[in-house]
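Report on one structure; see the data block that follows.
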Amino acid sequence: MGAGPGDAGLMTLRAREILEDADCVVYDRLVGEGVLTFIPEGAERVDVGKSGGHHPIPQREIEAILLDRARLGKRVVRLKGGDPFLFGRGGEEAEALRAAGIPFGIVPGVTSALAVPAWAGIPVTHRGLSSALRIITAHSEKGGLPGLDFEGLARTKGETLVFLMGVKNAGALCQRLMDAGMDSGTPAAAIERGTTARQRCVTGELGSLKALMEERKITPPAILVIGPVASLAEKLDWRASLPLSGLRVAVTRPRERAGRLSRMLRDAGAEVLEFPCIATEVLSGALPPLAGFDWVGFTSVTGVQALFTRLAREERDIRELGSAGIAAIGPATAEALRLCGLRVDFMPEVYDGAHLAAGLAERGGRMLLLRAEKGSPELTDLLRERGADFSEVPLYRTHYVKASLPEDLDMAVFTSASTVRGFAACAPEGGFAAVKAVCIGVQTARAAEEAGFEQIFTAASATLPALVEAAVTAAAV
Ligand code: SAH
């Protein structure tokens with residue numbers, strides 16, 4: 001299965017679907033870290049990472065691992081960077097499986113050979129500039145330049161040459177092409193770690209590429225593009241102006257709620273890693289009667305969903321609430337209620353517990369709070385202070401999801417205090433001082449301060465657009 005070139009947004013829908021059901025995932029070094037976060041919690045992870053021509057785990061052994069897990073009846077995903085059949089040895093592994101009589105399928109991937117130039121603004125063909133493309137390895141089995149028809153390649157005008165695995169041999173390669181007669185002024189580019197936040201692109205000419213790469217210390221993985229299209233990189237660079245371009249951002253909310261936020265951050269140019277720090281679990285047991293209240297307060301989308309799940313479980317009906325007023329802490333919760341056919345009668349101007357409490361206390365009557373177990377005391381403390389008549393029913397529980405923190409993060413985005421605590425729990429020694437915490441509100445920011453974050457940014461209001469705005473502000477600092 002192809003994982004795409006790096007950015008998790010560039011894996012295919014089919015890959016994502018299959019990954020969700022994997023028992024065991026055998027993956028390479030080039031698989032994006034954001035893609036790896038989609039491996040299910042319970043699945044076995046086998047890292048057979050290869051680097052620059054060295055094969056820490058020999059091919060034979062990789063095949064043995066695949067056969068072994070398959071024979072145990074497991075659903076095994078062999079995850080490879082880019083496309084599995086383009087310089088990925090996918091064919092060899094398929095042959096080994098076929099020989100052993102093990103059924104398999106292939107999921108093509110978005111190859112780095114096309115996607116990495118595209119991310120850098122280089123179309124591999126372009127009317128009037130290039131009408132053909134060759135994708136070539138610049139690395140032979142023995143380590144040197146492969147035996148290619150360099151004279152033939154040098155003659156190609158109006159073609160694009162894309163070299164993979166070309167960092168080590170870049171100098172020899174460019175020289176060989178020039179010796180064979182290719183114009184030293186042919187546009188050329190090298191793109192390192194394409195589609196990730198750490199992408200770097202150098203552009204120049206065939207004659208200067210090696211020196212440029214050395215000067216900028218380009219290291220693998222990188223792609224070399226030689227041909228007239230390389231000259232378009234500057235003009236078509238579409239990522240430089242994106243406000244979060246070049247940043248690695250962790251989205252920490254539960255997976256099922258991460259989608260929209262991830263998308264908005266990606267739209268702004270970030271490399272997004274979904275790193276859910278908390279998971280929610282609907283509590284079991286019987287719900288108390290819901291009748292006889294003047295106000296019912298909801299503080300989260302999860303709470304709304306949990307209520308309906310529990311009512312359905314008990315074959316009960318929302319009409320129990322009768323004519324009680326419905327209060328929501330903010331627009332997302334209000335929208336979840338609206339989708340369940342409940343119009344919201346009160347939503348505070350500032351979307352937090354304190355303002356919800358103040359508004360409810362002002363309205364008075366018997367109140368029912370439907371929320372998380374161990375919900376924030378802010379809401380209830382204030383109601384108690386105001387002498388409000390309220391009861392509270394915990395609908396769901398939040399627990400931390402422990403995993404190792406993604407490396408090299410620039411930013412983490414938090415939509416609740418519990419996601420902050422869950423994040424911190426993944427790094428008991430700290431070590432995230434350099435990570436900017438972008439928080440949805442003051443409660444969350446307070447939790448970030450307590451957890452030891454040093455750079456904290458708070459959204460102007462508790463909404464996703466404002467949160468993304470705060471991330472953009474954080475990026476500029
Ligand atoms: N099957 C892969 C290619 C594997 S060969 C694919 O289809 O993309 C490994 C080479 O791919 C690397 O040496 C490098 O040249 C290229 N490569 C893979 N991912 C890359 C990335 N994100 N940025 C730059 N080059 C990459």
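We count ligands from 1, going down the list as the structure has it; atoms in each ligand are counted the same way. Heavy atoms only: backbone and side chains are in, while hydrogens, waters and symmetry mates are out.
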* Compute the minimum heavy-atom distance from R193 to ligand 1 and say whether it is under 4.0 Å. => yes
* Do L129 and L232 come close enough that some side-chain heavy atom pair is under 4.5 Å? -> yes
* To do: Considering only non-hydrogen protein atoms, determine which one is nearest to atom 19 (N) of ligand 1 and report residue, atom name and distance to 0.1 Å.
  => S112 CB, 3.5 Å
* T444 and T415, any side-chain heavy atoms less than 4.5 Å apart -> no
* Taking all non-hydrogen atoms of both residues, which atom of N169 and which atom of G143 are closest, and how far apart? -> ND2-O, 3.2 Å
* **Nearest non-hydrogen partners of G2 and A15, listed with the distance** => O-CB, 3.9 Å
* Protein contact to atom 3 (C) of ligand 1 [nearest heavy atom, distance to 0.1 Å] -> L86 O, 3.5 Å
* Report the nearest protein non-hydrogen atom to atom 14 (C) of ligand 1: residue, atom name, distance rounded to 0.1 Å. => A222 O, 3.3 Å
* For atom 25 (N) of ligand 1, grab the closest protein heavy atom and report residue, atom and distance to one decimal in Å. => I223 CG1, 3.3 Å
* Can you tell me which residue and heavy atom of the protein come closest to atom 9 (C) of ligand 1, and the distance to 0.1 Å? -> L30 CD1, 3.5 Å
* Asked: Below 4.0 Å from any atom of ligand 1, is there a heavy atom belonging to T195?
  -> no
* Asked: Which atoms of ligand 1 have any heavy atom of I191 under 4.0 Å away?
  -> 24 (C)
* Please write down residue, atom name and distance for the protein heavy atom closest to atom 4 (C) of ligand 1. => F87 O, 3.3 Å
* Asked: Taking the non-hydrogen atoms of P220, is any one of them nearer than 4.0 angstrom to ligand 1?
  -> no
